[in-house]
Number of protein chains: 2
Amino acid sequence: MNISEAAKRSGLSSKTIRYYESIGLVKVAKRSDNGYRDYSESDVEALRFLQRARATGFGIEECRQLLGLYDNEQRHSSHVKSLVLEKVEQVESQIAELQAMRNTLNTLASRCAGDEGPHCAILDELSTLGEEESNLEEGK
Amino acid sequence: MNISEAAKRSGLSSKTIRYYESIGLVKVAKRSDNGYRDYSESDVEALRFLQRARATGFGIEECRQLLGLYDNEQRHSSHVKSLVLEKVEQVESQIAELQAMRNTLNTLASRCAGDEGPHCAILDELSTLGEEESNLEEGK
DNA sequence: CTTGACCTTATAGTTGCTGGAAGCTTTAGT
DNA sequence: ACTAAAGCTTCCAGCAACTATAAGGTCAAG
């Protein structure tokens with residue numbers, strides 16, 4: 001099958017598939033007589049695997065590791081599990097960071113009148129934030 | 001003051017300050033006789049403002065808008081507030097995405113024995129995930 | 001036989017910096 | 001006075017993970 005079919009079935013774009021090939025994440029596709037890439041079912045399976053793994057939050061290099069384990073009959077499932085648990089930690093710290101941002105933003109917004117006038121607590125606080133021991137967090 | 005002093009006071013790195021100048025986010029710094037950039041207190045104020053805004057989750061282009069409002073005496077605080085509220089929405093949808101990821105990862109991990117054997121539910125599910133109407137979310 | 005959809009490669013752009021090289025000036029120590 | 005270290009300058013490359021664009025070859029339908 002052509003690349004666009006493989007793209008549709010895997011949930012990746014054609015561009016992304018070519019990109020993955022170029023960085024050696026998937027093996028080089030075989031070519032038809034016309035020079036077009038030609039994919040088999042098992043190629044699509046690998047592409048799907050990658051699509052899932054990326055959507056689940058793994059980076060490219062982590063996907064490379066996962067694919068290596070996927071292909072390795074000698075693997076230990078503990079190894080795979082530890083990759084996943086490590087990723088959970090990373091994702092959780094990202095969440096915490098974003099939540100802190102959201103809280104700061106909400107506090108900023110709540111202090112701003114949001115009217116026609118030029119005075120704006122948001123701008124005031126963005127320029128001084130942190131100077132007087134962050135009254136933002138404590139809601140003073 | 002020299003760039004490294006401005007960096008220390010603003011919380012940005014010297015590289016970042018030069019970068020902001022190069023993209024026109026801050027005005028071109030005036031130079032001392034030796035060719036070194038020379039910053040005033042008010043330059044540092046703008047840099048601090050940027051540092052805060054970036055840390056609070058605004059992108060470069062959004063910072064440009066905020067700085068424009070900061071410098072504009074004719075602004076309406078409602079305009080600033082709507083930028084902030086829009087950003088809250090963006091941050092919240094990022095959080096939701098990451099939470100979904102974390103849940104998927106946790107479910108994957110819980111199904112994996114994590115032992116010396118090669119069988120691994122994580123790899124199984126990454127390769128088929130979504131095919132049978134996602135048993136992952138429902139914990140079947 | 002032409003139109004349009006597909007395929008190919010190669011290159012550049014995205015975001016927000018960071019790192020390094022090469023070459024100034026300034027500063028501190030001997 | 002000399003030297004070494006630190007700080008400044010510019011410019012170019014690179015990171016992630018693609019996406020976009022250009023310029024061209026191929027294929028199926030009407």
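Predicted model only: the values in this text are computed from it and were never measured. Quick note on labels: first sequence line is chain A, next is B, and so on, each numbered from 1.
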For [N], take OP1 and OP2 only and decide whether either is under 4.0 Å from a side-chain N or O of [X].
X: A:Thr16; N: D:dT19; answer: yes
X: B:Ser13; N: C:dT18; answer: yes
X: A:Ser4; N: C:dC7; answer: yes
X: B:Arg31; N: D:dT10; answer: yes
X: B:Asn34; N: C:dC24; answer: no
X: A:Tyr20; N: D:dA17; answer: no

Consider the side chain of [X], meaning its heavy atoms from C-beta on, and name the nucleotide among [options] that approaches it most closely.
X: B:Ile3; options: D:dT26, C:dC7, D:dC8; value: D:dC8
X: B:Arg18; options: D:dC8, D:dT26, C:dC6; value: D:dC8
X: B:Asn2; options: D:dC18, D:dC8, C:dC7; value: D:dC8

Checklist entry - Between A:Lys81 and B:Asp115, is there a salt bridge with N-O shorter than 4.0 Å? => result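 A:Lys81 and B:Asp115: not salt-bridged.
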Checklist entry - Does B:Arg64 pair with B:Glu61 as a salt bridge, N-O distance under 4.0 Å? => result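 Here B:Arg64 pairs with B:Glu61 in a salt bridge, since their nearest N and O are under 4.0 Å apart.
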Rounding to a whole Å, what distance do you find between [X]:[atom1] and [N]:[atom2]?
X: A:Ile23; N: D:dC15; atom1: CD1; atom2: P; value: 12 Å
X: B:Glu5; N: C:dT26; atom1: CD; atom2: P; value: 18 Å
X: B:Asp33; N: C:dC24; atom1: CG; atom2: C1'; value: 15 Å

Checklist entry - Per the atom types in the model, does the base of D:dG25 pair as donor or acceptor with the side chain of A:Tyr36 at under 3.5 Å? => result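 Yes.
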Checklist entry - In terms of the nearest nucleotide of DNA chain C, which residue is placed more toward the 5' end: B:Ile60 or B:Lys15? => result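 Final value for this comparison: B:Ile60.
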